[in-house]
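Data block below; observations after.
Just so it is clear, the model here is predicted, and its values are computed rather than measured. The first residue of the sequence shown is numbered 1, and numbering continues consecutively from there.
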Amino acid sequence: MAAAAAVPIQVDHDVVGDLDVDDSESITDAETLYGSTQSVTASIYEYRDVHGRLYQASKTTEYIFPVDEQQLQGYDLAHEYMLILFSNQLYLAPISNLQTILDIGTGTGNWALDMATEFPSASVIGTDISAVQPTFAPPNVSFQIDDAQLDWTFQPNHFDFIHCRFLYGGIDDWAKLYRQAYTHLKPGGWFQNVEIDIETLSENPKVQNDQDHVFKTWCQLFWAVGDKTGRTMRIGRDGTMERLMKEQGFTEVVHTSYKVPIGAWAKDRKLKQVGLLNWHYIDQSLDGFAVYPMGQVLGWSREEVSELVNKMRRAIRDVRSLSFYTVKVVYGRKSKEGQ
């Protein structure tokens, strides 16, 4: 399948102005343009309630990103922008008549809850190492504290659809994860994985070609963190997901890519909405992304981490950066003869 990410994102010059003219006064202030995160998330939290500051409780996996309230709000924003990106679809795999659904790394549980609404006769299970899911859920949804890196305790050949999203930096053995998904799918069932290529790119050649830009520094540091912890941050690059899926026996494998703007600078209306939500998600999450990886894994001081975060925040708040990253989607089917 051709990658949608190959097509440049058209720029809304009413927002970013003329890139060839250095006229910073003509550019709309980021906070004026995007508003507050609180106002953007208000409509989401009318029907999704996350209580308190909660942290991962797994004794087997030391997750490097926080699960406090601020970060959880960011994850909810990411869920909303993904819905818009997928044209209000929760999945791309050609599934139907589902009875058993598994969401690995369910986080706040939004995807699982929405799937339970779309498939009310299906049983939906969401697993995570942290108990950050809603206390109350529809009767066809259950949440379990479980580490997907351990051997799964579900029955083989059980699920019609298995889904996981944004697990980069949290998995030691991706081949094992894909293999267990294959084992626990029913013959004919589907597995879908959605991940981010964490390299921030730019449609502005001045930014993209600047080898010293913070966008380059940021991704290289996180790649180094993944290399050091043994939990790669490169899962969304170089066709790795597609290759792993085929190696584990999946058939009818489809892969595609989406450019996701950071900010409302895209001319396309849908991408502008995606970019607005994504800007709030990234802007409020930067500190949480960096504190543990840079401080605890790479040994940086708190002041050094803050300097990096502030530099990255200034860059994504500059609408002329035309920043974006790529979301990779791969799905495949367990053959009807598979066991």
Of all the heavy-atom pairs spanning [X] and [Y], show the shortest one and how long it is.
X	Y	value
A315	V214	CB-CG1, 3.7 Å
V319	V16	O-CG1, 3.5 Å
A116	N140	O-ND2, 3.1 Å
I9	P261	CD1-CG, 3.9 Å
E199	Y325	O-CB, 3.8 Å
T240	R234	OG1-O, 4.2 Å

Run the numbers on E203 and Q208 for side-chain contact (heavy atoms from CB on, under 4.5 Å), then give the verdict. CA-CA 7 Å; E203 295 286 15; Q208 182 61 28; over 6 Å; no
Name the orientation class of the two ring planes belonging to W152 and F154 (parallel below 30°, tilted from 30 to 60°, perpendicular beyond 60°).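 Rings of W152 and F154: perpendicular, as their planes differ by over 60°.
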Between F161 and Y91, what is the ring plane arrangement, given parallel below 30°, perpendicular above 60°, and tilted in between?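 The rings of F161 and Y91 stand perpendicular, inter-plane angle above 60°.
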Take atom CG in N97; do more than 12 heavy atoms of anything else shown fall under 6.0 Å from it?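 12 or below, so no.
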Looking at Q99, I want to see if its CD is surrounded by more than 12 non-hydrogen atoms of other residues, nucleotides or ligands under 6.0 Å.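 Check passes, neighbour count above 12.
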Partners of H158 by ring-ring contact (aromatic ring centres under 6.0 Å, His included), sequence neighbours excluded?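 Once residues adjacent in sequence are excluded, H158 has no partner under the ring-ring contact (aromatic ring centres under 6.0 Å, His included) criterion.
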List the residues meeting ring-ring contact (aromatic ring centres under 6.0 Å, His included) with F191, not counting sequence neighbours, and say none if there are none.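 If we apply the ring-ring contact (aromatic ring centres under 6.0 Å, His included) test to F191, skipping adjacent residues, the hits are Y178, F250.
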Run the numbers on L90 and F119 for side-chain contact (heavy atoms from CB on, under 4.5 Å), then give the verdict. CA-CA 11 Å; L90 291 162; F119 296 94; over 6 Å; no
When rounded to the nearest 0.5 angstrom, what is the spacing between [atom1] in [X] and [atom2] in [Y]?
X	Y	atom1	atom2	value
D283	R313	CG	CZ	5.0 Å
L150	Q180	CG	CD	8.5 Å
I104	I162	CD1	CD1	6.5 Å
Q133	I145	CD	CD1	5.0 Å

A side-chain contact here means heavy atoms from C-beta on lying under 4.5 Å apart; do P293 and L298 qualify?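 They are not in side-chain contact.
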Are W174 and T232 close enough that some pair of their side-chain heavy atoms sits under 4.5 Å apart?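 A side-chain contact under 4.5 Å exists here.
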Does W111 have its ring centroid less than 6.0 Å away from the ring centroid of H163?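 Ring centres of H163 and W111 closer than 6.0 Å.
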Centroid separation under 6.0 Å, is that true for the rings of F86 and Y258?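 Yes, close enough.
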N-O pairing of [X] and [Y] below 4.0 Å:
X	Y	answer
K259	D268	no
K311	E307	no
K176	D151	yes
D210	K216	no

[Y] versus [X], side-chain donor and acceptor atoms under 3.5 Å:
X	Y	answer
D128	T106	no
R179	T183	no
N193	K328	no
Y331	E242	no
T100	D160	yes

Residues in side-chain hydrogen bond (donor to acceptor under 3.5 Å, both in side chains) contact with K270, at least two apart in sequence or another chain: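 Expected list: S87.
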Check each of K267, R320, K272 against D12 using the salt bridge (charged side-chain N to carboxylate O under 4.0 Å, His left out) test, and report the only one that passes.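 With D12 as partner, salt bridge (charged side-chain N to carboxylate O under 4.0 Å, His left out) holds for just one option, K272.
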Are the side chain of S321 and the backbone of D318 linked by a donor-acceptor contact shorter than 3.5 Å?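 Yes: the side chain of S321 pairs with the backbone of D318.
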